[in-house]
Structures are given as structure tokens and as C-alpha cells.
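Notes follow the structure.
Counting starts at 1 for both ligands and their atoms, following the listed order. When a residue number appears, it is its place in the shown sequence, counting from 1. Only a predicted model underlies this, so the values are computations on that prediction, with no experimental measurement involved.
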Amino acid sequence: MKFFIDTANLAQIKEAHEMGVLDGVTTNPSLMAKEGITGHDNIINHYKAICEITDGDVSAEVIATTYDEIVAEGLALAKLHERIVVKVPMIKDGIKAIKYFTSKGIKTNCTLVFSAGQALLAAKAGATYVSPFVGRLDDVSTDGIQLIEDIRLIFDNYGYETQILAASVRHPMHIIQCAKIGSDVITGPLSAIAALLKHPLTDTGLAQFLADYQKGANKA
Ligand code: G3P
């Protein structure tokens with residue numbers, strides 16, 4: 001399973017990359033705003049900076065919501081770097097644009113997916129990735145992980161190559177549950193990825209090993 005980091009924070013992207021577990025980056029307009037990156041030119045330069053850090057795909061989201069504008073904005077984003085994936089919202093014009101980008105060999109990520117039917121449409125349009133938002137479904141008392149399972153079943157039934165990119169992943173158990181189901185990718189904050197490292201028995205076990213080594217070294 002691929003690990004993407006869901007942030008526009010360059011320091012966190014570098015940290016995940018240096019851990020050796022980063023397969024890509026996802027961003028969205030809210031994450032850009034959170035880092036204080038505003039205005040077209042700054043946003044474009046920020047995408048380029050992200051692409052310089054990671055070896056993997058970098059999702060860059062369009063702001064446009066009509067077909068012609070999505071296509072124009074997506075083509076410009078795709079030209080920025082070979083690793084850019086054009087992130088397109090799950091709307092009618094978005095699906096049409098994904099079909100167009102697919103025909104031109106441009107990678108896409110269909111975002112804001114909250115149902116299996118939406119995921120099926122994105123796959124039929126040839127999206128490279130489909131992004132169901134696990135955490136935001138949980139927020140409204142709907143099982144986000146169940147949606148990943150449903151999409152996995154549907155994609156496997158028909159051999160769709162669209163990768164399931166479980167988004168809005170918030171904590172380590174989301175990551176484990178996605179891995180058990182067979183999600184192709186998860187994207188979440190560095191905190192959720194780093195939390196996978198933690199187990200109290202690891203900490204106490206390591207402390208014991210080091211103490212026992214020291215005892216032996218003191219005797220020698
Ligand atoms: O990739 C989508 C993600 O940014 C949404 O996450 O935590 O805002 O629901 P969240």
C-alpha cells in the first residue's frame with residue numbers, strides 16, 4: 001500500500017520523505033491556505049517545491065468547476081512537472097474532464113468522493129486515483145472504511161485499474177483498516193503515519209535491551 005502525505009507543509013513532506021516511506025503528496029485548497037500559500041503564482045511555485053522533495057505523484061487540485069475551465073487549468077498544472085496529478089472534483093464536468101485528461105495520458109485524482117456510485121463513475125472515466133474521504137464520512141456517522149471495502153469489491157469485480165486513494169485518513173487505525181481491505185493508497189497527516197511507529201512494549205523493550213547492554217559493558 002502506498003503512503004501519501006496530505007499536507008502542503010514542506011517541512012512535514014521532507015520529514016516523511018526522509019523516513020523513507022513517502023510515495024506521494026496530496027494537497028487541496030484548504031491545505032494550501034493553512035500554510036498561508038495564497039494567490040496563483042505562489043500556489044504554482046509551491047507545487048513545484050513539493051515536486052522537488054518527493055519522488056512520487058503530487059496531486060494539484062483545480063479550482064475551476066466548468067468543463068472548459070477545468071481542462072485549461074488541469075493542462076497548465078500538468079505542464080508544471082511530470083509528477084503532477086490533476087485533482088478534479090466529483091462533479092459532472094469533472095468526470096467529463098477526467099475522461100479528457102485520460103485520453104491525453106494525464107494522470108488524475110477524482111476528489112470529494114463519498115459514495116460507491118461516485119467511485120464507479122470516476123473509474124469509468126479512467127481516473128488514475130479515486131479519493132473517498134474516510135474521516136469526513138465518519139464525522140457524519142457513516143462508516144468511511146465500509147466505503148473503501150465497497151469500492152474495492154466493485155473495482156475488483158470489473159478489473160478497474162483506478163487506484164483507491166483513501167483520503168481524509170485521520171489516525172493509525174484508519175491506515176491499518178485500509179491496508180486490511182486492500183486500499184491501494186492512503187493519504188493522511190504526518191501524525192497518523194508517525195503514530196504507526198508507536199508501541200509501549202517497543203519503548204520498554206528497547207530501554208531494557210540498552211540497560212542490559214550497559215550492564216555487560218560495565219562488567220567488561
Ligand atoms: O485529502 C482530503 C483531505 O485533505 C481531507 O481531510 O481531514 O480535512 O477531512 P480532512
Under a single-linkage rule joining Ile, Leu, Val, Met, Phe, Trp and Tyr whose side-chain heavy atoms are separated by less than 4.5 Å, which residues share a cluster with Tyr129?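 When side chains under 4.5 Å apart are linked, the cluster holding Tyr129 also contains Phe4, Val85, Leu165, Val185.
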Remaining members of Leu206's ILVMFWY cluster at a side-chain heavy-atom cut-off under 4.5 Å?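 Leu210, all in the cluster of Leu206.
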Do Asp184 and Lys2 touch side chain to side chain, with heavy atoms closer than 4.5 Å?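 Not in contact.
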Go ahead and list the nitrogen or oxygen contacts between ligand 1 and the protein that come in under 3.5 Å, distances to 0.1 Å, or just say none.
residue	atom	partner	partner atom	Å
ligand 1	1 (O)	Asp6	OD1	3.3
ligand 1	1 (O)	Asp6	OD2	3.1
ligand 1	4 (O)	Asp6	OD2	2.5
ligand 1	4 (O)	Asn28	ND2	2.9
ligand 1	7 (O)	Arg170	NE	2.8
ligand 1	8 (O)	Arg136	NH2	2.8
ligand 1	9 (O)	Arg136	NE	2.7
ligand 1	9 (O)	Ser168	OG	2.7
ligand 1	9 (O)	Arg170	NH2	2.9

Output yes when a side-chain donor or acceptor of Gln118 lies under 3.5 Å from a complementary backbone atom of Val113, and no otherwise. no
Restricting to pairs with a member in residues 189-207, which pass side chain to side chain donor-acceptor pair (under 3.5 Å), not counting sequence neighbours?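 Output for this query is empty, none listed.
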Classify the angle between the aromatic ring planes of Tyr158 and Tyr160 as parallel (below 30°), tilted (30 to 60°) or perpendicular (above 60°).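 Tyr158 and Tyr160: tilted rings.
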